[in-house]
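Quick note: numbers below take in every heavy atom, side chains included, and nothing from hydrogens, waters or symmetry partners.
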Amino acid sequence: MSKQRLLDERYLRMARIWAENSYCRRRQVGALIVRDGAIISDGYNGTPSGFENICEDEENRTKPYVLHAEANAITKVAKSNNSSQGATLYVTASPCIECAKLIIQAGIKRVVYAEDYRSADGADLLRKANIEVLLIDINKIEEI
């Protein structure tokens with residue numbers, strides 16, 4: 001197995017653990033942005049800062065203002081002194097179309113994800129923008 005594949009699997013396992021910080025009941029998603037061998041940002045799905053940590057409404061639908069893990073990681077790096085230009089995004093679910101647009105604009109060049117989102121539109125848009133998109137099945141990654 002290549003060194004890059006081993007790193008990809010390790011970062012995906014870390015993203016899976018980071019997803020556990022989410023208060024969302026329907027699905028917990030975690031994301032890491034890695035550049036030059038260092039984690040420069042992280043995120044998980046949840047409500048904006050200052051909101052209650054409840055992601056679903058009374059009918060168990062996700063509230064419209066819940067941020068996806070990728071959006072949280074990208075906005076977090078935007079507030080820092082780091083740049084995501086040329087970075088890799090590791091995320092537990094493939095990006096939606098809205099997050100894909102943010103990924104493109106953030107200059108991220110590679111996306112590694114662990115399971116498919118309900119729509120492939122985001123991954124398709126990333127490929128159209130010449131961003132490398134790689135699925136590594138999270139259930140086939142062995143624990144350390």
Got [X] and [Y] here, is their nearest side-chain heavy-atom distance under 4.5 Å?
X	Y	value
Leu126	Pro95	yes
Val133	Tyr113	yes
Ile136	Glu9	yes
Leu89	Leu32	no
Val111	Ile103	yes
Thr47	Ile54	no
Leu125	Ile104	yes
Ile108	Thr88	no

Q.
Once side chain to side chain donor-acceptor pair (under 3.5 Å) is applied, do any residues pair with Asp121, and if so which ones, sequence neighbours excluded?
A.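 Residues passing side chain to side chain donor-acceptor pair (under 3.5 Å) with Asp121: Ser119.
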Give a yes or no on whether the backbone of [Y] and the side-chain of [X] come within a donor-acceptor separation of less than 3.5 Å.
X	Y	value
Ser22	Tyr44	no
Ser84	Ala87	no
Gln28	Asn21	no

Are [X] and [Y] joined in one hydrophobic group, where the rule is that I, L, V, M, F, W and Y side chains link up if heavy atoms are under 4.5 Å apart?
X	Y	answer
Ile39	Val77	no
Val112	Ile40	no
Ile97	Val66	no

With [X] via side-chain contact (heavy atoms from CB on, under 4.5 Å) - residues at least two apart:
X	value
Arg118	none
Asn81	none
Ser49	none
Ala69	Val29, Ala31

Should we count CD of Gln105 as having more than 12 external heavy atoms under 6.0 Å?
->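 No, not enclosed.
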Notebook entry, point to check: Should Glu115 and Arg27 be marked as a side chain to side chain contact (heavy atoms under 4.5 Å, CB included) after you check the CA-CA gap, both sets of side-chain angles, and the distance that decides it?
Noted result: CA-CA 12 Å; Glu115 61 186 44; Arg27 173 181 257 186; 3.0 Å; yes
With sequence neighbours left out, which residue pairs that include part of residues 104-114 fulfil the salt bridge (charged side-chain N to carboxylate O under 4.0 Å, His left out) condition?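 As it turns out, the salt bridge (charged side-chain N to carboxylate O under 4.0 Å, His left out) pairs with a partner in residues 104-114, which skip direct neighbours, are Asp8-Arg110, Arg110-Glu132.
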task = List, by chain and number, the other hydrophobic cluster members for Tyr117, where Ile, Leu, Val, Met, Phe, Trp and Tyr join if side-chain heavy atoms come within less than 4.5 Å, directly or indirectly.
result =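 In the cluster with Tyr117 there is nothing else; it is isolated.
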Least distance between heavy atoms, [X] atom then [Y] atom:
X	Y	result
Gly43	Ala73	N-CB, 3.9 Å
Ala19	Gly30	CB-N, 3.3 Å
Asn45	Cys24	ND2-SG, 3.5 Å
Glu70	Cys96	OE2-N, 4.3 Å

Roughly how far, to the nearest 0.5 Å, is the [atom2] atom of [Y] from the [atom1] atom of [X]?
X	Y	atom1	atom2	answer
Leu134	Gln4	CG	CD	9.0 Å
Asn60	Arg26	CG	CZ	6.0 Å
Asn72	Leu67	CG	CG	4.5 Å

The criterion is salt bridge (charged side-chain N to carboxylate O under 4.0 Å, His left out); which residues satisfy it with [X], sequence neighbours excluded?
X	answer
Glu20	none
Arg127	Asp124
Glu52	Lys63

Q | Pairwise ring-ring contact (aromatic ring centres under 6.0 Å, His included) hits with a residue in residues 63-111, at least two apart | A |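 Sorted pair list: Tyr11-Tyr90, Phe51-Tyr65.
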Side chain to side chain donor-acceptor pair (under 3.5 Å) pairs touching residues 29-43, sequence neighbours excluded, are Trp18-Asp42, Asp42-Lys76
